[in-house]
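First comes the structure, then the notes that go with it.
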Amino acid sequence: MLPLILLIALAGACLAAPVSRLLGRAGGWGLALLPAGLFGMFLSFAPLIAGGGVAETHLPWAPSLGVELAFRLDGFSFLFALLITGIGTLVVVYAGAYLAEKSPGDRARFFTLILLFMTAMLGAVLSDNLLVFFMFWEATSILSFLLVGFDGKSPASRRSALQSLQVTVGGGLGLLCAIVLIGITLGSFSFSGAIGRTEELARSPWVALIVIGLLLGGFTKSAQFPFHFWLPNAMQAPTPASAYLHSATMVKLGIYLLARFEGFFAEVPGGRSILIGFAAATMLVAGVQALRAQGFKAALAYSTVASLGILVMLIGLDGPMASVATVGFILAHALYKAALFFCAGNAIHATGKSHLRQMGGLVRFLPLTAVAASLASLSMAGLPPFIGFISKEFLFEAQIQSSWDAVPVAIAVLVNAVMVGVAGVVSLRPFFLGHGKITEVKHGETVGLTLGPLLLSLLGLAISLEPEWVRDNVLNPAVLAIYGQPVEVKVELWHGLTPMLMLSLVVVAIGAVIVTFWRSIHTWLLALQPIDHYAAEIGYDALMRGLVGFAGRLTRFVQNGDLRRYLWLAAASAMGLCLFGAVRAGTVPRWPEFGRFDPATAAILLVGLAGGFAAARARSLLSALVAVGLVGLAVALVFLRNGAPDLALTQFSVEALIVVLLTAVLLVLPLAAPATRNRAERQHDILLSCCFAALVFLATADMLAGPAEGTVSAFYGAQSYVAAFGQNVVNVILVDFRGFDTLGETVVIGMSALMVWSLLKADPVPARDRPAAFILAATSRAFFALLLVAAVMILLRGHNQPGGGFVGGLVAALAFAMLALAGGVERARAALRLHPMVLVGLGMGLAVLSGVPGLLAHGSYLKHIWVEAHLLGLTIKQGTTLLFDLGVFAVVLGGVLAYLFGLQREAER
């Protein structure tokens with residue numbers, strides 16, 4: 001059922017754009033049914049999870065590599081799944097109201113991204129394979145980048161989005177290294193298996209690198225010092241994204257990772273100390289910056305960084321209460337911080353102002369928002385009877401029971417006092433103080449804007465008053481999942497006069513002082529410019545400038561614009577590597593035993609050799625084009641005479657297309673090629689060319705002298721018809737045995753076509769009379785029809801005779817190229833009817849979907865399905881290979897024509 005949940009989430013995200021456009025401003029309410037439905041599906045697992053059970057699903061993916069689509073739902077992932085889908089429902093509703101004045105396209109784009117992000121988060125917390133987990137982990141980084149940079153016209157948004165991507169993806173590379181080393185050490189990429197074998201993992205010779213990789217991944221994602229700066233800058237994202245990504249879900253994914261490996265860090269000497277040390281630095285830096293913050297969302301962002309530091313400190317502490325406090329704080333923080341971000345968004349949306357000093361007296365205009373902000377702030381301040389008070393009691397109890405000294409306790413008291421101060425400031429100053437600062441608002445409250453903050457803030461109160469269901473079904477199973485043993489979680493508001501209560505009173509007292517003297521403290525800290533000077537962001541910017549500068553210098557050295565120097569370096573490098581290998585191996589080239597002399601082949605090779613010499617000595621581009629064509633023709637004939645008709649057919653098609661493409665280029669270039677080298681330089685080029693030719697000749701001779709290994713080719717030849725019902729072994733290899741490789745190459749062709757079209761696209765050129773050769777103009781239509789018929793025949797016969805989708809696409813492209821050369825691009829475009837990029841998209845989609853029937857029927861993607869039918873006395877056998885070939889055909893046709901049309905348009909302008 002877990003893969004089904006992810007498929008439903010992915011399908012819903014893909015349909016978000018059309019549904020949003022269909023429903024208009026009510027799109028938020030309609031699309032919220034998706035996360036709400038997923039929330040209900042996860043709730044159905046509650047009895048299993050409450051009993052200590054686990055839901056698992058394992059699907060084969062790449063068994064030989066130890067990779068499988070493994071998903072696992074235990075108590076800890078159950079907590080995250082409920083937060084992701086539950087808060088996700090409110091975020092979608094809120095976004096529909098918050099973005100109501102945006103264009104339908106912007107709303108559709110936001111809904112698509114936020115639901116895709118929800119899917120990626122669910123995939124990450126449900127994954128039980130480390131490689132699959134990493135795939136979803138990186139997806140959250142990419143989608144966060146798109147959401148932070150949602151306003152692409154804003155330089156600040158673009159910079160913040162790029163910064164968040166660079167930091168989190170950079171940490172992701174460290175995580176990937178750790179995952180690979182874990183797989184090497186344990187022989188498996190099982191997530192739960194790695195957690196259960198922490199002692200073995202701690203004895204790994206790669207333990208230091210594993211620790212560093214895990215810390216880099218967790219610290220960058222969860223904004224720990226010195227990577228904390230990206231999170232406050234990411235507040236450039238729309239408020240619904242900030243409430244979802246940067247308080248409730250994505251930033252806690254690093255916490256999720258570190259908490260899962262808490263037992264491993266405990267086994268590593270100094271592991272807990274590292275966590276607590278960085279956490280303490282994060283809490284102190286974030287606490288100071290929260291008091292200095294001027295923006296509403298910025299103050300909340302820095303308090304979030306401090307909260308994430310608290311969670312990392314709890315992971316570093318020992319004892320069962322540390323796990324209890326971690327789980328309780330994750331739940332409490334998600335509820336009150338998402339609510340406060342919603343309230344901040346309402347205030348900013350209503351006033352058009354973002355600084356706290358610019359706001360005041362908003363309770364008159366936003367009464368429900370003021371109530372929600374007050375309730376959420378009381379929970380954030382840790383006052384009873386809210387869940388924030390209970391989570392703070394857990395925090396102090398965990399610190400007191402741990403084996404650590406009083407330093408973490410002191411830091412926690414100070415930082416929690418700052419959070420009390422921030423909670424008071426963000427609730428009192430915008431809504432209840434400063435009457436007269438705001439006399440009118442641009443937007444009032446709506447149900448969509450107030451439902452989320454009110455529900456979350458009231459939920460924080462309800463859970464603390466009636467905790468039984470949440471305690472038994474969520475908190476207890478989550479603690480069991482990360483601690484490994486059952487721990488009784490006491491969700492109570494009164495434990496008597498305890499040390500935890502005394503510490504809470506101290507926190508509240510200091511926080512009250514901060515609220516009272518906030519303006520003075522804020523102004524004094526802002527005046528301390530050295531704090532900015534030593535900020536980690538300064539170091540990040542310096543590093544980025546250094547990398548860009550180094551890349552520029554390296555590019556100017558390597559990419560110096562001299563084509564012949566590029567070729568010289570490439571050829572010299574190849575020669576050097578080959579000679580080095582031969583010397584180290586202590587061998588000399590072998591000489592093959594030649595068979596009988598073949599005059600026809602010798603004549604073909606002489607023609608190719610003559611074409612090569614002619615091309616080298618040509619002073620005219622037209623002469624060089626003809627000479628190079630002779631070389632290609634000779635190569636194709638050699639293929640044909642040596643039993644490779646598929647290669648020969650492809651070579652003929654490529655040569656014909658090159659002639660047409662270069663003809664389009666020659667329309668705007670002078671036919672005479674001016675000399676670019678003096679006599680001495682040309683002699684050097686000749687010498688290098690001869691040396692490289694000799695190297696290739698000797699290497700070829702050595703390979704021909706060795707025994708030919710025919711095991712693989714014999715297997716393909718024997719299995720071609722038996723396993724894939726095809727007599728053309730080459731095509732069967734491409735679409736069946738090596739279908740994944742061909743699919744990847746097809747995707748590369750499609751991406752190349754997209755880049756070419758973006759570089760060469762131009763406004764349509766008005767149709768006009770243009771001179772053309774009489775024979776070409778008179779025969780172009782006939783050639784066009786014949787080539788199209790040939791292309792279709794080559795496509796359809798490819799599985800049993802020479803041909804296939806690739807060469808068929810080349811021949812079809814040649815047909816349109818002839819038409820464009822004779823009558824112009826617009827004439828060819830009119831005959832094509834479809835945009836070349838539409839053709840590429842359709843082809844890629846068809847190639848991808850062709851493997852789905854095999855996945856559904858046999859559990860193996862791209863294992864093709866065959867159907868045999870009897871029609872009019874004929875037996876027709878066809879399979880999904882035709883769909884795959886048809887997709888390749890469309891991608892090749894669209895890609896070649898995108899390049900051709902772009903070139904010819906430039907020539908016609």
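All figures in this text were calculated on a predicted structure; none of them were measured in a lab. Residue indices begin at 1 and follow the sequence shown.
- Separation of atoms CG (Leu743) and CE (Met844) is listed at 8.0 Å; rounding is to 0.5 Å.
- Between the side chain of His864 and the backbone N or O of Val735 there is at least one donor-acceptor pair closer than 3.5 Å.
- Using a 4.5 Å cut-off on side-chain heavy atoms (C-beta onward), Phe783 and Leu814 make no contact.
- In this structure a side-chain-to-backbone donor-acceptor pair under 3.5 Å is present from Asn728 to Gly798.
- Looking at Tyr861, its side chain does come within 3.5 Å of a backbone N or O of Val848 through a donor-acceptor pair.
- Checking side-chain atoms of Thr140 against main-chain N and O of Trp137 turns up a donor-acceptor pair under 3.5 Å.
- Val892 places a side-chain heavy atom less than 4.5 Å from the side chain of Val896.
- In terms of modelled atom types and a separation under 3.5 Å, the side chain of Ser850 and the main chain of Leu883 share no donor-acceptor contact.
- Scanning for ring pair (Phe, Tyr, Trp, His ring centres under 6.0 Å) contacts around Phe652 gives an empty result, with sequence neighbours left out.
- Between Phe737 and Tyr716, the ring planes lie tilted relative to each other; the angle falls in the 30° to 60° range.
- Among residues two or more places apart in sequence or in another chain, the side-chain hydrogen bond (donor to acceptor under 3.5 Å, both in side chains) test is passed with Asp598 by Thr601, Arg641.
- With values rounded to the nearest 0.5 angstrom, Leu855 atom CG is found 10.0 Å from Ile865 atom CD1.
- Without hydrogens or angle criteria, His799 side chain to Ala724 main chain gives a donor-acceptor distance under 3.5 Å.
- Using modelled atom types, one side-chain atom of Arg797 and one backbone atom of Pro802 make a donor-acceptor pair closer than 3.5 Å.
- Taking the ring centroids of Phe816 and Phe901, they lie at or beyond the 6.0 Å cut-off.
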